[in-house]
Amino acid sequence: MKNKQSMSNLADFSSRLIAWQKIHGRHDLPWQNTQDPYAIWVSEIMLQQTQVTAVIGYYAKFMARFPDIASLANATQEEVLQHWSGLGYYSRARNLHNAAQTIMDDHDGKFPQDFEKIQTLSGIGRSTAAAIASFAFQQNQTILDGNVKRVLARHFVIEGWTGTPKIEKQLWALAESLVPKQDMVAYTQGLMDLGATICTRSKPKCERCPIKASCQALAKNKTKELPTSKPKKTIPQKQTTMLLILDGNEVMLEKRPASGIWGGLWSLPEISMEEIASEVALGRFSLEVESEEPLESIQHVFTHFKLEILPQPLSVTNRTRQTNIPNTIWLPIEEAIGAALPTPVRNILLHLKR
DNA sequence: AACTCGGGGAC
DNA sequence: GTCCCAGAGTT
């Protein structure tokens, strides 16, 4: 009897979610109310590991500058990164740019509709491909993002960290079994909306949940313990000195390697703790400089390490400026702030301006 | 299976 | 401070 009741509610999972989304879900986000696969694609990439509120400001500017696939494909990586500067995970921008060129070259400039082909584009994995296929083409493909993992882990009491391949496999199978035959847009949006507004990480609003009747975590009073949190480990603390090489109002920027942290962005030249700033300036850049008092150090936190940045101002004394140093440019501070910079570097320059 | 990729919102 | 977000790619 109890099992029968439960099964009956499980069958209603999707229809209840759809009905709820149409009334209580989000309908006015900047990337909604369109079927343009490009507009949806850009939003999905920006939203990877990034909250809606952080994306909104970037999305409008990005779409204004790159309104379609062709304009993005024809832009320089420099300008694409410039519009991504501050948003983080810059490989997303590089992959987006690369994929736009792939679509121009291999798909006649039209975003592919085939689910497998969508996934071959750089930066688009299984979940993002499903979101695009669902929103843009009404295909019955399921997403599995952080929201969905949390909703499913609670609703069906899936124990264990959702990041392990074993648990992920379970969740994918579960998610696929719940995909409805119609109303894919409302369903996919409903999964995201439920996780973002009702089935939140802390203090879920279970009273207002459309599928509370079949939620096993709620029945067993386990919503607080689920989903199982990621095992934490201590992250290393690193240090670096960034050279603020100043010639009058201009600062020298150095382009970072294409891969690795802040890949492809403009940053300040870095030296190790053992090196002496003025010697490096002379050795690497043939610049005679005078060291100023270091600025206050900045503590920057990444996912997997902490970085203490010591900004070291240096004023150039031999005014014969070197212009042919590879991967470097001189820019007035005001202009440099608008370049494709990592956030802490921008903050240093903003501090300098004052 | 573990690690690498940012920055910020919410608590 | 902690946790994790409309994850994907690499090792």
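Rounded to whole Å, the separation between the P atoms of C:dA6 and B:dC11 comes to 14 Å. With both ends at atom C1', the span from B:dG6 to C:dC3 equals 15 Å, rounded to whole Å.
Between the NE2 atom of A:His300 and the P atom of B:dC5 there is a distance of 13 Å, given to the nearest Å. As a whole-Å value, the separation of A:Trp161 CH2 from B:dC3 P is 9 Å. The nearest whole Å value for the distance from the NZ atom in A:Lys230 to the P atom in B:dC3 is 9 Å. Straight-line distance from the NZ atom of A:Lys232 to the P atom of B:dA2: 18 Å, rounded to whole Å. For A:Leu307 and B:dT4, the CG to P distance is 15 Å, given to the nearest whole Å. Rounded to an integer number of Å, the gap from CD1 of A:Ile235 to C1' of B:dG7 is 13 Å. For the pair A:Lys233 NZ and C:dC3 P, the computed distance is 14 Å after rounding to whole Å. Look at CZ on A:Arg346: it is 14 Å from P on B:dG6, rounded to the nearest Å.
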Tell me, for nucleotides 6-11 of chain C in 5' to 3' order, what letter each nucleotide earns: B for a base near a protein heavy atom under 4.0 Å, S for only sugar-phosphate near one, - for neither? BBSS--
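Candidate nucleotides B:dC3, C:dC3, B:dG6 were compared by shortest atom distance to the side chain of A:Ile261, and B:dG6 ranks first. Distance from the side chain of A:Trp262 is smallest for B:dG6 among the nucleotides B:dG6, B:dA2, B:dC11.
Contact annotation for A:Lys149: no contact, since no heavy-atom pair falls under 4.0 Å across all strands. Residue A:Ser229 is classed as a sugar-phosphate contact, given heavy-atom separations below 4.0 Å to backbone atoms only.
In this structure, A:Lys353 pairs ionically with A:Glu334, as a charged nitrogen and a carboxylate oxygen lie closer than 4.0 Å. Between A:Glu225 and A:Lys220, no side-chain nitrogen of the basic residue sits less than 4.0 Å from a carboxylate oxygen of the acidic one, so the salt-bridge criterion is not met. Between A:Arg284 and A:Glu254 a salt bridge is recorded (basic side-chain N to carboxylate O distance below 4.0 Å).
In terms of position along DNA chain B, the nucleotide closest to A:Leu265 lies nearer the 5' end than the nucleotide closest to the other residue of the pair A:Lys203 and A:Leu265. Between A:Leu87 and A:Pro165, the residue anchored closer to the 5' end of DNA chain B is A:Pro165, taking for each the nucleotide with the nearest heavy atom.
For C:dC3, the base has a donor-acceptor partner in the side chain of A:Arg201 [N/O atoms by modelled type, under 3.5 angstrom].
Using a 4.5 Å heavy-atom threshold, the side chains of A:Leu287 and A:Leu314 count as separate. Side-chain contact between A:Ile45 and A:Val42: absent, with no pair of heavy atoms (C-beta onward) separated by less than 4.5 Å. The side-chain heavy atoms of A:Trp84 and A:Leu96, taken from C-beta on, include a pair separated by under 4.5 Å.
Side chain of A:His27 to main chain of A:Gly25: a donor-acceptor pair is present (N/O by atom type, distance under 3.5 Å, no hydrogens or angles).
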